[in-house]
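Nothing fancy with the numbering, it's 1 onward along the sequence. Quick note: numbers below take in every heavy atom, side chains included, and nothing from hydrogens, waters or symmetry partners. Note that ligands are numbered from 1 as they come in the structure, with each ligand's atoms numbered from 1 the same way. Quantities reported herein were computed from a predicted structural model and do not represent experimental measurements.
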Amino acid sequence: MIEVEHLSKVYGSTTAIEDVSFTVNQGEILGLLGPNGAGKTTTMRILAGYLPASAGTAKVSGQEVHENPMAVRRCIGYLPENPPLYLDMEVVDYLNFVARIKGVAPGDRRRCVDAALSQCGLAEQRRTIIRKLSKGYRQRVGIAQAIVHEPAAIILDEPTVGLDPRQIIEVRKLIKSLAGDRTIILSSHILPEVRMTCDRIAIIHRGRVADIGSPHQLVTQLSKNLEYELELKGDPDIAQAVLDQIPELQQVERLEAPLFPAHHIRFKVTALPDQDPAPKMASLLLAANLDLFELRRMQASLEEVFLKLTMNEGMGSDSPAETALPTAPIANAPSPSPLSETSEL
Ligand SMILES: Nc1ncnc2c1ncn2[C@@H]1O[C@H](COP(=O)(O)OP(=O)(O)OP(=O)(O)O)[C@@H](O)[C@H]1O
């Protein structure tokens, strides 16, 4: 559905994105995850046909974006980071206006606007002046303007930024409900955001795709060597000897466990790549008359994957799971300059 190949964009002396490639299948939700300045907005604006690339190609439904920007805009809906809402218009008038400038035929407009209002949970607000809406509802209007021409794909730039936690949950639900046949790309600098909403995640780091895959793939890729923690009761030397003779284990480490009950011992073991020695460990330890209280696989988290891929940035947080990613210190970041960009509406 969306194919991006070797895309690059240079602004003056700043390379915003370099050699970015990925594909998004029909009906899939892909998250672009990266800190501020990583290149997410640039990638999305190129895809939406609002910004020319310096090199590479982007295709939507087989159409090259640069060659057919108008055709591509018909099959893509775009929610920019700051949606261009006309605050003094009523919701329904604004959506009618957007439908008209997006080329929806006059006979289809009412149906399209009503569908967008209903899908975005705005039916009761149709006659409300946009200025009077909460930020969460304004964001719904932003999403409604992105889908009003019934595009096959939508691109949402930081759709939950600036919303309170309740509004975030509602907008997330809305995005999920818009999936199905539609293809969705959304960007975020918040890891739980993409983990909860997206089927696949592309980690964007300094303008490049550092890795791409489902949350599960990203995590298992990092942990080719499975790690386990064990808690046993019995003779520590026997336990050590049993574990030492398992050929699938690469490393056996006895852990200090001062807070554990008397005679309880703990080990951390690392398996050889692509080996899972759990059943063998359990049966050999039990056969040696040791009591096995716990055999727990240590799973790398998505946060650890992100940290590994973007190590040189330093997360600087005790709990990355609940924290936004840091601002990337891009060298020579210039102030935005007027380029040959077109209106985002
Ligand atoms: N119009 C512009 N002129 C010059 N440099 C720009 C322009 N737009 C973006 N940049 C630079 O390109 C790089 C990538 O910016 P981009 O906005 O794509 O990142 P982002 O990941 O979307 O970050 P954010 O979440 O802050 O928007 C940054 O270094 C940014 O300063």
* Asked: Looking only at non-hydrogen atoms, which of N36, T14, T41 approaches atom 22 (O) of ligand 1 most closely?
  ->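 Answer by nearest heavy atom: T41.
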Tell me whether [X] reaches ligand 1 (any heavy atom closer than 4.0 angstrom to a ligand atom).
{"X": "S187", "value": "no"}
{"X": "G34", "value": "no"}
{"X": "K9", "value": "no"}
{"X": "M44", "value": "no"}

Check: [X]/[Y] side-chain N/O donor and acceptor closer than 3.5 Å:
{"X": "N225", "Y": "T270", "answer": "no"}
{"X": "Y11", "Y": "T42", "answer": "yes"}
{"X": "T160", "Y": "E193", "answer": "yes"}

* Consider every N or O of G39 and every N or O of ligand 1, then say whether any pair is closer than 3.5 Å. =>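 N/O-N/O distance below 3.5 Å exists for this pair.
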Side-chain donor-acceptor contacts of residues 273-280 below 3.5 Å, not counting sequence neighbours, with atom names and distances?
unit_1: D276; atom_1: OD1; unit_2: Y228; atom_2: OH; d: 2.6
unit_1: D276; atom_1: OD1; unit_2: A278; atom_2: N; d: 3.2
unit_1: D276; atom_1: OD2; unit_2: Y228; atom_2: OH; d: 3.3
unit_1: D276; atom_1: OD2; unit_2: R297; atom_2: NH2; d: 2.9
unit_1: K280; atom_1: NZ; unit_2: E248; atom_2: OE1; d: 3.3
unit_1: K280; atom_1: NZ; unit_2: E248; atom_2: OE2; d: 3.0

* Measure across C198 and L30 and return the closest heavy-atom pair with its distance rounded to 0.1 Å. =>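 Heavy-atom minimum between the residues: SG-C, 4.0 Å.
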* Asked: Could E231 and R296 be called an ion pair, given the rule that one side-chain N must be under 4.0 Å from one carboxylate O?
  ->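 Looking at E231 and R296, the cut-off is not met.
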Which atoms from ligand 1 have a heavy atom of [X] less than 4.0 Å away?
{"X": "P35", "answer": "21 (O)"}
{"X": "E81", "answer": "27 (O)"}
{"X": "A38", "answer": "19 (O), 20 (P), 21 (O)"}
{"X": "E158", "answer": "25 (O)"}

Distance-only donor-acceptor pairs under 3.5 Å for side chains of residues 19-26, two or more places apart:
unit_1: D19; atom_1: OD1; unit_2: H6; atom_2: ND1; d: 2.7
unit_1: S21; atom_1: OG; unit_2: H6; atom_2: N; d: 2.8
unit_1: Q26; atom_1: NE2; unit_2: D181; atom_2: O; d: 2.9

* Counting heavy atoms only, which part of H189 comes closer than 4.0 Å to ligand 1: side chain, backbone, both or neither? -> neither
* Is it the case that one hydrophobic cluster holds both M196 and L191, taking links as side-chain heavy atoms less than 4.5 Å apart, direct or via other members? ->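 They do not share one cluster, since no chain of ILVMFWY contacts under 4.5 Å joins M196 to L191.
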